[in-house]
There are 2 protein chains.
Amino acid sequence: MQLRMTNQREMILRELKKSKGHLTADELYERVKKFMPRISLATVYRNLEILSDVNMIRKLEISGRQKRFDSELEDHDHIYCVECHRIENLEISKNQVELPVEDAHGYTITGRRLEVTGVCPRCQKKIAKTKKQ
Amino acid sequence: MQLRMTNQREMILRELKKSKGHLTADELYERVKKFMPRISLATVYRNLEILSDVNMIRKLEISGRQKRFDSELEDHDHIYCVECHRIENLEISKNQVELPVEDAHGYTITGRRLEVTGVCPRCQKKIAKTKKQ
DNA sequence: CTCCTTGTGATAATTGTTTTCAACAGTAAG
DNA sequence: CTTACTGTTGAAAACAATTATCACAAGGAG
Ligand SMILES: [Mn+2]
Ligand SMILES: [Mn+2]
Ligand SMILES: [Zn+2]
Ligand SMILES: [Zn+2]
């Protein structure tokens, strides 16, 4: 059950790392296609799934939206703009969020996901403009 | 711009309250159909969206899964089982999660969503059994 | 009543993702 | 080298959730 680093897999990983962002499968597909024109979107989805299964990348599942992928493995949360859906990293110190380590309803806790929502500076300006008129 | 309480709307709201749970649009559709056999799933989606827009219900967007709707308006978070996807309420006191009230990357913060994941007691037992064999 | 808005059910379309499958490539024996 | 096995691929179809479209019905306002 060891992972073979195929060309496609490597390319996908490289492009994700290069971008430094939080890309969707199809954004990544567009980038990879530049170098591998015959690759299919299914292959991109497939490999993103595999890579996140083996913890080489992180899968971000922002509520009700398209999945995004992150090559940064360090523990961090995200903030996203409710207007334009931009996503940015958010450093939250561990002690800002303290959770019951176990035994909430008898659950064994495996993780937590914190999403902070807001309006990004750009969208604030945009909104301010529209209001003036 | 006031909300008219149509029969369908009322029925959907009543059934959601009655259930006390966290239902998906189609679970609710099945329930409402018992009383209104001609209602369509689109109407259920439409009205759930409208009802949550005017804050008569809450829309729960659990990562990577189908939206669920909650008739409880009080501020509370949720825990869900990564095995069976059961969702339960989680009371987290405000001071267990303290966030930058504003100015994370210049964002105006509008909210936060906290998801705690774990394995529910039922699934723990199930897993324990499978391991024995 | 007429005009205007809102809500409706049926259906089609769209979106994001997963599955299927035949062809292909890498590895390990025999 | 042949054989068998395994994982991977691209293309296409299937899929589930959601949203858009449309023609019609119901409810006021004037
Ligand atoms: Mn990140
Ligand atoms: Mn709840
Ligand atoms: Zn924005
Ligand atoms: Zn469970």
Side-chain angles (χ1 to χ4, degrees), chain A residues 1-16 21-54 56-70 80 82 84-85 87, chain B residues 1-16 21-54 56-70 80 82 84-85 87:
Chain A
M1 221 253 226
Q2 56 153 8
L3 189 72
R4 208 148 67 190
M5 254 307 157
T6 64
N7 293 338
Q8 288 82 342
R9 196 116 77 208
E10 198 163 29
M11 180 85 255
I12 288 164
L13 183 59
R14 174 160 55 247
E15 283 303 304
L16 182 58
H22 306 98
L23 301 186
T24 60
D26 53 297
E27 282 167 352
L28 214 30
Y29 172 57
E30 288 306 322
R31 290 175 190 230
V32 171
K33 248 198 326 196
K34 299 239 165 69
F35 304 95
M36 294 181 147
R38 293 188 52 73
I39 200 172
S40 78
L41 181 56
T43 299
V44 175
Y45 270 109
R46 203 164 20 216
N47 283 307
L48 286 172
E49 207 53 46
I50 291 168
L51 287 169
S52 71
D53 279 352
V54 299
M56 294 183 70
I57 62 174
R58 276 183 64 189
K59 177 161 52 165
L60 303 183
E61 304 181 274
I62 301 291
S63 305
R65 317 224 100 242
Q66 214 173 340
K67 284 175 197 145
R68 289 179 175 273
F69 297 85
D70 194 342
Y80 79 95
V82 293
C84 68
H85 309 124
I87 296 182
Chain B
M1 221 253 228
Q2 54 153 6
L3 190 73
R4 211 152 64 192
M5 254 307 158
T6 63
N7 293 337
Q8 288 81 343
R9 196 118 75 207
E10 199 163 27
M11 180 85 254
I12 289 164
L13 184 58
R14 175 160 55 246
E15 282 303 303
L16 182 58
H22 307 98
L23 301 185
T24 60
D26 53 297
E27 282 167 354
L28 214 30
Y29 171 57
E30 288 306 322
R31 290 176 189 230
V32 170
K33 246 196 331 196
K34 300 237 163 69
F35 304 95
M36 294 181 148
R38 295 188 49 73
I39 199 171
S40 80
L41 181 56
T43 299
V44 175
Y45 270 110
R46 202 166 20 217
N47 283 308
L48 286 172
E49 207 55 45
I50 291 168
L51 287 169
S52 72
D53 279 352
V54 299
M56 295 182 70
I57 63 174
R58 274 184 64 189
K59 177 160 54 162
L60 303 183
E61 304 181 274
I62 301 291
S63 303
R65 317 222 102 241
Q66 214 173 338
K67 285 175 197 146
R68 289 180 176 272
F69 297 86
D70 194 343
Y80 80 96
V82 294
C84 68
H85 309 123
I87 296 182

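Sequence lines set the chain letters: A, B, ... in the order given, protein chains first and strands last, and positions in each chain run from 1. Atom set for the values below is all heavy atoms of this structure, side chains included, hydrogens, waters and symmetry mates excluded.
A/Arg58 contributes no side-chain N or O that, together with a main-chain N or O of A/Asp70, makes up a donor-acceptor pair within less than 3.5 Å. Proximity of a side-chain donor or acceptor of A/Arg9 to a complementary backbone N or O of A/Arg4 within less than 3.5 Å is detected.
The base of C/dG9 sits with one of its N or O atoms less than 3.5 Å from a complementary donor or acceptor on the side chain of B/Arg46.
One can place CD of A/Glu61 at 15 Å from P of C/dG16, the figure rounded to the nearest angstrom. Nucleotide D/dG27 holds its C1' atom 13 Å from the CG atom of B/Asn7, rounded to whole Å. Atom NZ in A/Lys59 sits about 13 Å away from atom C1' in C/dG16, given to the nearest Å. D/dT8 atom P lies 14 Å from atom CD1 of A/Ile39, rounded to whole Å. Rounded to whole Å, the distance from OH on A/Tyr29 to C1' on C/dT18 is 16 Å. Between the CD atom of A/Glu27 and the P atom of C/dT15 there is a distance of 15 Å, given to the nearest Å. Nucleotide C/dT8 holds its P atom 12 Å from the CG atom of B/Leu48, rounded to whole Å. Atom P of nucleotide D/dG7 and atom CD1 of A/Ile50 are separated by 11 Å, given to the nearest angstrom.
Between B/Arg38 and C/dA10 there is a side-chain N or O to OP1 or OP2 distance below 4.0 Å. When the side-chain nitrogen and oxygen atoms of B/Thr6 are compared with OP1 and OP2 of C/dT8, one or more of them lie within a distance under 4.0 Å. Dashed line: the shortest gap from a side-chain N or O of B/Asn47 to OP1 or OP2 of C/dT8 is under 4.0 Å. Between B/Thr43 and C/dG9 there is a side-chain polar atom (N or O) within less than 4.0 angstrom of OP1 or OP2. Residue B/Gln8 places at least one side-chain N or O closer than 4.0 Å to OP1 or OP2 of C/dT8.
Comment: A/Arg68 engages A/Glu27 in a salt bridge, judged by a side-chain N to carboxylate O separation of less than 4.0 angstrom. B/Arg46 has no carboxylate O lying under 4.0 Å from a charged side-chain N of B/Glu49, or vice versa, which leaves the two without a salt bridge.
Sequence order on DNA chain C of the closest nucleotides to B/Pro37 and B/Arg4 puts B/Arg4 first from the 5' end.
When B/Arg31, B/Lys67, B/Glu15 are each tested for a side chain to side chain contact (heavy atoms under 4.5 Å, CB included) with B/Leu23, only one passes: B/Arg31.
Across all strands shown, A/Arg9 has heavy atoms under 4.0 Å from sugar-phosphate atoms exclusively, and none from any base.
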Under-3.5 Å N/O pairs linking protein and nucleotides 15-19 of chain D:
unit_1	atom_1	unit_2	atom_2	d
D/dA17	OP1	B/Gln66	OE1	2.8
D/dT18	OP1	B/Lys67	N	3.4
D/dT18	OP2	B/Tyr45	OH	2.3

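Nearest heavy atoms, A/Tyr29 versus A/Ser40: CE1-C, 3.7 Å.
Under the 4.5 Å side-chain criterion, counting only non-hydrogen atoms from C-beta, B/Lys59 is in contact with B/Phe69.
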